[in-house]
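We number each residue from 1, following the sequence as shown. Any value given below was found using the heavy atoms of this structure, including those in side chains, with hydrogens, waters and symmetry copies removed.
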Amino acid sequence: MSPTSPLLSLPGAVPAEGRDEGVAAHYGDLFREQRSLADGKGFVDLSHRGVVTVSGEERLSWLHLLLTQHVTDLSPGQATEALILSAHGHIEHALYLVDDGETVWAHVEPGTREALIGYLESMKFFYKAEVADRTDDFAVVHLPAGSIAEVPEGVVVRETAHGRDLFLPRADLESFGAAAGPAVGILAYEALRVESHRPRLGFETDHRTIPHELGWIGSAVHLQKGCYRGQETVARVHNLGKPPRRLVFLHLDGSEVHLPPPGTPVRLASEGAEGRQLGFVTTSARHYELGPIALALVKRNVPVDAELLAGDTAAAQETVVEP
């Protein structure tokens, strides 16, 4: 179970459902909250995410053997992201990492930390590394790019082009929220994620997704390293072939009242709603400027200029991953 945030008691808070249960979907004004984030204001409560740490003098060299990312020379304060793959190269875990000089801090998708920790513990052998579940003690809070909110002293920060993720003591969550407001719900955060074409484990992935399909090569997968589970698949697809599917961004018909939910079939518009299914919607959102948008996973050979249907909704595609 993901922790339930005390910020759900804030005025206007509407609880999120599904995988993001435990935090607010919004606080009463979705588009205003999106504008706040885009303007570098406010914060997003991500305290439902898992927090896992790895300490010990061999933490980086050990993690380097397990992750898709090159982390042996990870500098203190340098943010990165990494995956753990199955033996067949399918994505099992996504980790968002930073090292503070003594400990690697990672936040992970809700509901995944137990399986992740179980796998890490099974691979420790004689390495000097200690894995800990810190979710009960620390909450993840996101500050958007451009934010001038003050970060409390001693808080570990993971800074990227999209903003800063804070590993905040959970006991300080309410006081931080009062100082750093306005609070922004997860739906606004997700709309901007979709706009920037960033995949998310459990949303853009299924049991057979490989990193190439989502554009995770480079950002989360380092091609100049080996020695991790699933590396053979990564190298073979990169060097000898193409992934079977590719991520696309969809501009949806704004006249439709309802957004196509995840799993909605994607077809060629020319073949109509009864045509062959060529993919499916992974995440859909209402954007304050772009209107209804979505990410979808489609077969690689779908023409990049083809008009599509997401269920019954007309959709124009933008290429995220080249065919």
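For Glu102, the side-chain contact (heavy atoms from CB on, under 4.5 Å) partners are Asp100, not counting sequence neighbours. Not a single ring-ring contact (aromatic ring centres under 6.0 Å, His included) links Phe203 to another residue, sequence neighbours left out. Listed by chain and number, the residues in a ring-ring contact (aromatic ring centres under 6.0 Å, His included) with His70 are His64, His222 (sequence neighbours excluded). By the ring-ring contact (aromatic ring centres under 6.0 Å, His included) test, His93 is found to be paired with no residue, residues two or more places apart in sequence or in another chain being considered. Judged as a side-chain contact (heavy atoms from CB on, under 4.5 Å), and not counting sequence neighbours, the contacts of Pro303 are Asp305, Ala306. For His142, the ring-ring contact (aromatic ring centres under 6.0 Å, His included) partners two or more places apart in sequence, or in a different chain, are Tyr189.
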Give the table of side-chain donor-acceptor pairs shorter than 3.5 Å for residues 167-185, with sequence neighbours excluded, one pair per line with atom names and distance.
{"unit_1": "Arg170", "atom_1": "NE", "unit_2": "Thr135", "atom_2": "O", "d": "2.9"}
{"unit_1": "Arg170", "atom_1": "NH1", "unit_2": "Ser47", "atom_2": "O", "d": "3.4"}
{"unit_1": "Arg170", "atom_1": "NH2", "unit_2": "Ser47", "atom_2": "O", "d": "3.0"}
{"unit_1": "Arg170", "atom_1": "NH2", "unit_2": "Thr135", "atom_2": "O", "d": "2.9"}
{"unit_1": "Arg170", "atom_1": "NH2", "unit_2": "Phe138", "atom_2": "O", "d": "3.1"}
{"unit_1": "Ser175", "atom_1": "OG", "unit_2": "Asp172", "atom_2": "O", "d": "3.0"}

Listed pairs under 3.5 Å, donor-acceptor, residues 232-240 side chains, sequence neighbours left out:
{"unit_1": "Thr233", "atom_1": "OG1", "unit_2": "His88", "atom_2": "O", "d": "3.0"}
{"unit_1": "Asn239", "atom_1": "ND2", "unit_2": "Ala235", "atom_2": "O", "d": "3.0"}

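Within a 6.0 Å sphere centred on NZ of Lys225, other residues, nucleotides and ligands contribute more than 12 heavy atoms.
For residues 30-39, no pair satisfies side chain to side chain donor-acceptor pair (under 3.5 Å), with sequence neighbours left out. A side chain to side chain donor-acceptor pair (under 3.5 Å) check over residues 145-157, counting only residues at least two apart or in different chains, returns nothing. Under the side chain to side chain donor-acceptor pair (under 3.5 Å) criterion, the residue pairs touching residues 257-285 are Arg193-Thr283, Glu204-Thr282, Glu204-Thr283, Glu271-Arg276, with sequence neighbours excluded. Pairs engaging residues 311-323 under the side chain to side chain donor-acceptor pair (under 3.5 Å) rule: Arg246-Gln317, His251-Glu318 [sequence neighbours left out].
Applying the side-chain hydrogen bond (donor to acceptor under 3.5 Å, both in side chains) test between Glu213 and each of Arg208, Lys242, Arg245 identifies Arg245 as the sole match.
Side-chain contact between Leu46 and Ile186 is present, with heavy atoms from C-beta onward closer than 4.5 Å. Taking the side chain as every heavy atom from C-beta outward, Arg300 and Pro323 approach each other to under 4.5 Å. The closest side-chain heavy-atom distance from Leu166 to Phe43 is not below 4.5 Å. Put simply, the side chain of Leu67 does not reach to within 4.5 Å of the side chain of Tyr228, judged on heavy atoms.
Looking only at distances, a side-chain donor or acceptor of Arg158 sits under 3.5 Å from a matching main-chain atom of Thr80.
Rounding to the nearest 0.5 angstrom, the gap separating the CG atom in Leu83 from the CG atom in Leu66 is 13.0 Å.
If you chain together hydrophobic residues whose side chains sit under 4.5 Å apart, Leu252 and Leu187 never meet in one group.
We find that Glu130 and Lys124 are joined by a salt bridge, their nearest charged nitrogen and carboxylate oxygen being less than 4.0 Å apart. Remark: Arg49 does not engage Asp165 in a salt bridge, criterion side-chain N to carboxylate O under 4.0 Å. A salt bridge links Glu109 with Arg200; the closest basic N to acidic carboxylate O contact falls under 4.0 Å.
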